[in-house]
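One structure is given below, encoded as structure tokens.
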Amino acid sequence: MAAGAAAAALGREGGEDAFRRLFRFYRQRDAKDLRGVLDFSAPGGQVFRSQLSISSVSDQDARRAGLQPVSRWKAYGLSGYPGFIFIQNPFLPGCQRHWVKQCLKLYTQKPNVCNLDLHMAPEKTADLWGQSKEKLRRKGSSKCEPRSLLEKLRWVTLGYHYNWDTKKYSANHHTPFPSDLAFLSEQVAAACGFRGFQAQAGILNYYHFDSSLGIHVDESELDHSRPLLSFSFGQSSIFLLGGLKREEAPTAMFMHSGDIMVMSGFSRLLYHAVPRVLPNPEGTALPSCLDQALSSDLPVGSVIEQSSDEDWQVCAKYLQSSRINMTIRQVLAEGQKFPEESGTESRTPSEDSHHQENSRAKRHKPDFDS
């Protein structure tokens with residue numbers, strides 16, 4: 001039986017829900033047996049070309065965000081998932097490096113919030129990059145080497161800071177959203193038909209080869225009419241997109257470095273998960289799109305910055321065994337306010353309420369949604 005048919009049959013078996021069964025299937029399968037996973041680099045079957053709003057983003061603004069002109073983007077939809085758009089790496093050569101560096105060097109700085117804040121003093125997490133770069137640069141292949149703080153990082157929140165325990169945002173837990181990331185998000189949203197999108201909250205996820213993301217729905221935002229944007233960099237992953245109920249078997253697809261996913265409309269509130277992170281399909285330490293140098297001819301007003309060779313050496317070493325994902329969302333509609341709340345929402349969440357990770361040194365912890 002083909003892998004796709006086997007996965008579908010597995011999803012129909014009794015016992016635990018269909019999504020959970022397929023999550024376990026793809027998490028445990030040998031990497032050579034993933035023929036049932038959609039690859040948008042070779043689309044077919046339920047995959048179709050998606051129309052974008054080319055006139056909504058000027059070529060100049062696309063370049064300022066580090067993106068190719070929208071007319072050159074390869075965007076796809078999936079039958080049965082209206083509102084889902086997959087954009088295959090639309091970044092200009094070298095521009096992914098900027099976002100990787102920001103996620104590791106800048107966005108990890110205070111006042112942004114990260115999982116390490118749970119058990120470390122503020123002064124210890126003020127400069128994760130500075131405390132980690134030399135250890136990362138010298139890092140060898142031994143699994144016995146102590147991990148740097150950046151390698152212990154699991155998530156960072158931006159803008160309205162999501163509380164993993166209460167699953168809510170609040171007005172009293174907010175810091176400025178990065179202007180460069182807001183600009184990138186606005187261009188992608190506009191190209192997908194959502195002009196006026198406001199990037200108000202971001203969750204950055206830092207994955208390693210033994211990491212996964214539990215089954216969940218992103219429903220905490222008060223405005224569900226605006227899309228969820230997802231950007232991936234580094235190693236590849238399997239993404240599962242399900243239905244409105246966990247009894248519906250999900251569709252599995254690969255996400256590679258530079259790929260963007262947009263979940264809107266019907267697909268905005270679907271269950272999804274990442275059961276597995278995989279080495280990039282080229283079989284090299286890093287995908288070739290990350291080896292490309294940034295052009296010195298940046299447009300006026302570009303949010304993209306040149307990365308020094310020293311900084312990129314650290315980023316490249318990190319990405320050899322890791323994947324970074326940025327998810328951006330609009331929390332409030334225009335003019336909308338948070339409801340009155342009693343008490344505060346600013347307590348630090350539990351560290352493993354979002355990620356799962358297998359390790360011989362600690363027990364495997366359940367999904368945060370279970």
Side-chain angles (χ1 to χ4, degrees), residues 26-27 29-32 34 37 39 41 66 88-89 91 93-108 114-116 127-156 204-213 230-239 254-260 274-294 305-326 355-361:
Y26 283 114
R27 178 150 181 79
R29 297 298 289 181
D30 186 282
K32 298 176 183 177
L34 297 174
V37 183
D39 193 337
S41 62
Q88 188 180 5
N89 185 14
F91 289 93
C95 290
Q96 288 188 54
R97 291 187 176 192
H98 169 83
W99 303 109
V100 171
K101 185 194 70 174
Q102 298 296 81
C103 287
L104 292 175
K105 185 176 183 179
L106 183 65
Y107 301 157
T108 54
C114 73
N115 62 291
L116 298 178
D127 185 15
L128 301 181
W129 173 271
Q131 297 181 71
S132 304
K133 61 181 181 180
E134 289 305 320
K135 184 176 289 187
L136 271 171
R137 191 178 288 115
R138 297 192 306 267
K139 187 175 180 64
S141 58
S142 172
K143 295 183 179 180
C144 297
E145 293 182 57
R147 293 182 300 167
S148 65
L149 289 179
L150 278 178
E151 292 171 293
K152 296 178 181 179
L153 191 64
R154 292 294 170 263
W155 52 261
V156 169
L204 314 181
N205 291 311
Y206 301 81
Y207 298 84
H208 306 299
F209 284 135
D210 55 356
S211 303
S212 62
L213 177 67
S230 173
F231 303 84
S232 291
F233 305 106
Q235 302 300 328
S236 300
S237 70
I238 296 174
F239 179 81
F254 289 113
M255 286 199 74
H256 303 304
S257 192
D259 290 343
I260 300 173
V274 177
R276 191 147 164 210
V277 176
L278 300 165
N280 79 84
E282 298 173 56
T284 52
L286 292 180
S288 57
C289 59
L290 289 171
D291 288 333
Q292 299 169 321
L294 181 65
E305 300 173 347
Q306 290 278 359
S307 297
S308 68
D309 290 342
E310 180 183 5
D311 281 356
W312 180 246
Q313 184 182 23
V314 176
C315 293
K317 180 69 76 169
Y318 177 89
L319 287 182
Q320 286 179 10
S321 60
S322 304
R323 168 183 179 254
I324 297 173
N325 177 254
M326 310 187 301
H355 267 289
Q356 297 180 70
E357 188 163 1
N358 283 332
S359 171
R360 293 181 180 178

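This chain uses plain numbering: 1 for the first residue, then up along the sequence. Excluded from the calculations below are hydrogen atoms, water molecules and symmetry mates; all remaining heavy atoms, backbone and side chain alike, are included. Everything quoted here is computed from the prediction, not taken from an experiment.
- The CD atom of Gln88 lies 11.5 Å from the CD1 atom of Ile260; values are rounded to the nearest 0.5 Å.
- The backbone N or O of Phe239 lies less than 3.5 Å from no partner atom in the side chain of Ser237, so there is not a single donor-acceptor pair.
- Scanning for salt bridge (Lys or Arg N to Asp or Glu O under 4.0 Å) contacts around Glu305 gives Lys101, with sequence neighbours left out.
- Checked by atom type and distance alone, the side chain of Asn89 never pairs as donor or acceptor with a backbone atom of Asp259 at under 3.5 Å.
- With contacts defined as side-chain heavy-atom distances shorter than 4.5 Å, the pair Phe231/Cys103 does not qualify.
- Contact of the Leu34 side chain with the Phe254 side chain is registered, since non-hydrogen atoms from C-beta on lie closer than 4.5 Å.
- Annotation: the span from Ile324 atom CD1 to Leu204 atom CG amounts to 8.5 Å, rounded to 0.5 Å.
- Proximity of the aromatic rings of Phe233 and Phe91 is defined here by a centroid distance below 6.0 angstrom, and this criterion is met.
- A heavy-atom distance below 4.5 Å is not found between the side chains of Leu104 and Val314.
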query: Yes or no on side chain to side chain contact (heavy atoms under 4.5 Å, CB included) for Tyr26 and Val37, after CA distance, side-chain angles and deciding distance?
result: CA-CA 9 Å; Tyr26 283 114; Val37 183; 3.5 Å; yes
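- Using a 4.5 Å heavy-atom cutoff, the side chains of Val274 and Ile238 are not in contact.
- Of all non-hydrogen atoms in Asn280 and Pro287, the two that sit nearest each other are ND2-N, 3.5 Å.
- With sequence neighbours excluded, the residues that form a side-chain contact (heavy atoms from CB on, under 4.5 Å) with Ser288 are Glu282.
- The main-chain N or O of Gly234 is found under 3.5 Å from a side-chain atom of Ser257 such that the two form a donor-acceptor pair.
- Residues Cys114 and Leu153 have side chains in contact (heavy-atom distance under 4.5 Å, counting atoms from C-beta outward).
- Between the CD atom of Gln96 and the OG atom of Ser307 there is a distance of 12.0 Å, given to the nearest 0.5 Å.
- For Arg323 and Tyr207, the positive end sits near the middle of the six-membered ring, less than 6.0 Å away and at most 45° from its axis.
- To the nearest 0.5 angstrom, Arg137 atom CZ is 5.0 Å from Gln313 atom CD.
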- request: Verify side chain to side chain contact (heavy atoms under 4.5 Å, CB included) between Leu150 and Gln131, making sure each step is shown before the conclusion.
  value: CA-CA 8 Å; Leu150 278 178; Gln131 297 181 71; over 6 Å; no
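- Between Tyr206 and Asn325 the shortest side-chain heavy-atom distance does not fall below 4.5 Å.
- Side chains of Trp312 and Leu294 form no contact here, defined as non-hydrogen atoms less than 4.5 Å apart.
- Cys289 SG to Asp291 CG: the interatomic distance, rounded to the nearest 0.5 Å, is 8.0 Å.
- Heavy atoms only, all atoms of each residue included: His256 and Ser236 are closest at ND1-OG, 2.7 Å.
- In this structure, a donor-acceptor pair under 3.5 Å is absent between the side chains of Ser132 and Glu151.
- One distance of note links CH2 of Trp155 with CG of Asn115; it measures 6.0 Å at 0.5 Å rounding.
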task: Evaluate the criterion side chain to side chain contact (heavy atoms under 4.5 Å, CB included) for residue pair Tyr107 and Gln102; output intermediate values, then yes/no.
output: CA-CA 6 Å; Tyr107 301 157; Gln102 298 296 81; 3.5 Å; yes
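- When each of Gln235, Arg154, Arg147 is tested with His208 by the rule side chain to side chain donor-acceptor pair (under 3.5 Å), just one qualifies, namely Arg154.
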field: Step-by-step side chain to side chain contact (heavy atoms under 4.5 Å, CB included) determination, Lys152 to Leu128
entry: CA-CA 10 Å; Lys152 296 178 181 179; Leu128 301 181; over 6 Å; no
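- With a 4.5 Å cut-off on side-chain heavy atoms, Gln306 and His98 do not count as touching.
- What you find for Arg27 and Asp210 is that their closest heavy atoms are NH2-O, 3.2 Å.
- When all heavy atoms are compared, the tightest approach of Pro279 to Phe209 is N-CE2, 3.5 Å.
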